[in-house]
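Presented below is the structure to which this report refers.
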Amino acid sequence: MTKKICVSDIVLCCILFFLPFIHVNIGLSVADQGYNLANFEAFPDMNQTWMVATLVANIVGKIFTFLPFGHSMLGMNVYCTLLLSAVSIAIFLILKKDYNKYAVFTGLIIAISFSWAPKVTLYQYLSYYLFCVATMVLVKGLQKGKRKMLYIAGVILGINLFVRFPNVLQCALILVVIAAAFLYKKKMKDALKDIGICIAGYATVALPVIVSLELIYGSGTYAGMVKSLFAMTESATSYTPFAMFYAMYSSYITNFKWFGWFLVEAVAATVLYGFLKKKWMKYSAYAVMALVFLVILRVYWYWGILNIQYTTYNSVYIWGVCFLLLGILTLLFALFKKKTVKEKKLYALGGLIIILITPLGSNNALYSNYNNLYLVAPIVIGSLADLLLRFLRKEDGSKKIWHLSPAPAVAVSFMLIGIVFVQTFLFHIFFVFGDAGIDGNKKVMVEGNHRLAGILTTQDNAEEFTGLTAFLYEEQVQGRECIVWSHSPIIYYAMEL
């Protein structure tokens, strides 16, 4: 039995390792992808505000450039994708000890498939990876009573502060420490000591780095970076705190109606299910639930909510909102349910914090959440699997007209997760960021450009970059300064300007 479990774990880990590499050599984004790659090459000789604000991301990217093929887009795609594979496997190996491993695996497949941004945008992905790892380390430390792990969690969050400045909001994880104090009924001095150790870990990284920046680049460097970022909101209004909050919550409010249909079905099925006495009637109820679910999907297909436009976000956006709303309800239920074990309550709270904090500091609204489901999705699906295996049924000997069971609601939830799984997986197969995606048209390579060697893109993209490369190489302008009159930072990277 143990051997079978080990073999299955190896198979699942292999899938988690290789799945992120789909399209690793496809797609040529002239904006985000090129911006990050150009910064890695230029570091530390780049705009000081962004150099300081995304310091760790730039350092990691710079280190990758020293590895074999590190000066090529394909090489950087591979190295940055390896990070996602490693984090996914680590999360699987840790969470499978607390949740059903197939539920955790399913959640990770959804999370990987939802990762729409280029993997080289390290200021995003490193933020998410470290946020998730810090949450797991924190929960494990609180569960085992190991303060060393609380310190490590603080260190990880301290490092994350320098991946991207808005990550300072991730300090909200201290709420998990406070919650643990109540759950484990700790004395005040012990609770304060736990909080202090987390802060000490955070300060161990934050203070030396800030002091070093002050010594190297001059007094007021870090404060100047913060002021510059806030000053930018005057022109880039989508980055104001109000705009970011509004973008996030308006997405929930606007699209709640699509989730509402499934919520009504789940509530109605749960109430009516309680009146059924005979087993055949209960089994028939599941068939009716599935039929109603299919009817809703047919309506959504007619309205275009369910579609097969997998080369665009249209195929997954609303389903992502539905999953997040389902996740919030599931995590709240797990958090306040008496029978939930303490560690899973802490995971539930951590998941909620991740959902609420992730979009802040970005103008991508819920798209940021879709990029950071690595811990949330496994916990949500794992919590639902727990409910499926252990129904909330009261049997105290008294005569009741009906009893409450979560089975119908969980059944509807898993039907919804099934649709999310299919849509996101196919999205992962066909979607390519900043490119035409896998649309049936032939993909070709750019010729004569060693930095873009091995990357497949559209015929038009390839011809334009091939022509531009030939012209600039002929003029021998590599290494010279230039101004690109378009939102195409990849020109700097691809043409070595």
Side-chain angles (χ1 to χ4, degrees), residues 20-43 46-47 50-51 53-54 56-65 67 69-85 112-129 163-164 311-313 362-364 367-368 370-372 427-428 430-439 443-446 449-466 468-469 472 482 484 486-497:
F21 282 91
I22 292 179
H23 305 325
V24 73
N25 68 326
I26 301 177
L28 187 56
S29 167
V30 300
D32 296 55
Q33 199 172 12
Y35 169 76
N36 285 270
L37 291 172
N39 280 345
F40 301 155
E41 290 289 342
F43 182 83
M46 53 184 288
N47 178 282
W50 294 111
M51 187 272 290
T54 57
V56 171
N58 291 319
I59 290 174
V60 173
K62 188 68 175 182
I63 291 172
F64 285 162
T65 65
L67 300 178
F69 306 104
H71 291 293
S72 69
M73 179 180 286
L74 180 57
M76 292 299 290
N77 284 350
V78 170
Y79 295 136
C80 293
T81 301
L82 279 170
L83 292 176
L84 174 54
S85 297
I112 292 171
S113 299
F114 243 139
S115 301
W116 54 270
K119 304 304 179 291
V120 296
T121 54
L122 291 181
Y123 70 91
Q124 288 191 53
Y125 283 106
L126 277 180
S127 295
Y128 307 147
Y129 302 157
V163 173
R164 189 182 64 163
T311 57
T312 72
Y313 301 111
S362 167
N363 63 348
N364 288 326
Y367 284 104
S368 298
Y370 301 164
N371 256 352
N372 189 19
F427 172 76
H428 182 60
F430 291 98
F431 177 82
V432 178
F433 182 87
D435 211 297
I438 309 304
D439 55 1
K443 301 290 181 182
V444 295
M445 294 184 187
V446 177
N449 190 306
H450 69 272
R451 284 198 168 173
L452 302 181
I455 296 294
L456 295 172
T457 185
T458 62
Q459 184 78 39
D460 290 342
N461 259 357
E463 290 178 358
E464 290 175 3
F465 275 94
T466 297
L468 183 59
T469 299
L472 293 179
C482 74
V484 177
S486 67
H487 188 51
S488 305
I490 193 155
I491 300 297
Y492 296 102
Y493 174 76
M495 307 304 165
E496 302 177 55
L497 300 172

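- Between His71 and Arg451, the closest heavy-atom pair is O-CG, 3.2 Å.
- To the nearest 0.5 Å, atoms CG (Leu37) and OG (Ser72) are separated by 9.5 Å.
- The shortest distance between side-chain heavy atoms of Asn461 and Val444 does not fall below 4.5 Å.
- Annotation for Gly34 and Tyr493: closest pair O-CB, 4.3 Å, computed over non-hydrogen atoms.
- Under a 3.5 Å cut-off, the side chain of Arg164 and the backbone N or O of Gln124 do not form any donor-acceptor pair.
- The line from CG of Asn36 to CG of Asn58 is 8.0 Å long, rounded to the nearest 0.5 Å.
- One N or O on the side chain of Lys62 and one on the backbone of Glu41 form a donor-acceptor pair closer than 3.5 Å.
- In this structure, CE on Met73 lies 4.0 Å from CD on Gln33, to the nearest 0.5 angstrom.
- Across all their heavy atoms, Ser127 and Val163 have their closest contact at OG-CG1, 3.4 Å.
- Between the CD1 atom of Ile112 and the OG atom of Ser85 there is a distance of 7.0 Å, given to the nearest 0.5 Å.
- Phe21 is listed as a side-chain neighbour of Val78, based on a closest heavy-atom distance under 4.5 Å.
- Using a 4.5 Å heavy-atom cutoff, the side chains of Ile26 and Ile455 are not in contact.
- Proximity of a side-chain donor or acceptor of Lys443 to a complementary backbone N or O of Leu456 within less than 3.5 Å is not detected.
- Between Leu122 and Cys80, the shortest heavy-atom contact is CD2-SG, 3.8 Å.
- Between atom OG1 of residue Thr121 and atom NZ of residue Lys119 there is a gap of 8.0 Å, rounded to the nearest 0.5 Å.
- Counting only heavy atoms from C-beta outward, the side chains of Tyr129 and Leu84 approach each other to under 4.5 Å.
- At a threshold of 4.5 Å between non-hydrogen side-chain atoms, the residues Thr312 and Phe431 do not count as touching.
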Check against side-chain contact (heavy atoms from CB on, under 4.5 Å), Asn25 and Asn77: CA-CA 8 Å; Asn25 68 326; Asn77 284 350; over 6 Å; no

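- A 4.5 Å side-chain heavy-atom check between Phe465 and Met495 finds at least one atom pair inside the cut-off.
- For Trp116, the ring pair (Phe, Tyr, Trp, His ring centres under 6.0 Å) test picks out Tyr313, Tyr367, Phe433, with sequence neighbours left out.
- For the residue pair Asp460/Thr458, the side-chain donor-acceptor check at 3.5 Å is not satisfied.
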Go through it in stages, so that I can follow the logic: the residues are Ile59 and Phe43, the test is side-chain contact (heavy atoms from CB on, under 4.5 Å), and I'd like the CA-CA distance, side-chain angles, deciding distance and then a yes or no. CA-CA 8 Å; Ile59 290 174; Phe43 182 83; 3.7 Å; yes

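- A donor-acceptor pair under 3.5 Å is formed between the side chain of His23 and the backbone N or O of His428.
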Audit row: Thr457, Leu452, side-chain contact (heavy atoms from CB on, under 4.5 Å) steps and yes/no: CA-CA 10 Å; Thr457 185; Leu452 302 181; over 6 Å; no

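- Side-chain contact check for Trp50 versus Tyr35: some heavy-atom pair is nearer than 4.5 Å.
- Classified by interplanar angle (parallel below 30°, tilted 30° to 60°, perpendicular above 60°), the ring pair Tyr125/Tyr128 is perpendicular.
- Looking only at distances, no side-chain donor or acceptor of Thr54 sits under 3.5 Å from a matching main-chain atom of Ala57.
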Report the C-alpha separation of Val60 and Leu126 in whole Å, then their side-chain angles, then the decisive distance to 0.1 Å, and conclude whether the side-chain contact (heavy atoms from CB on, under 4.5 Å) test is met. CA-CA 9 Å; Val60 173; Leu126 277 180; 3.9 Å; yes

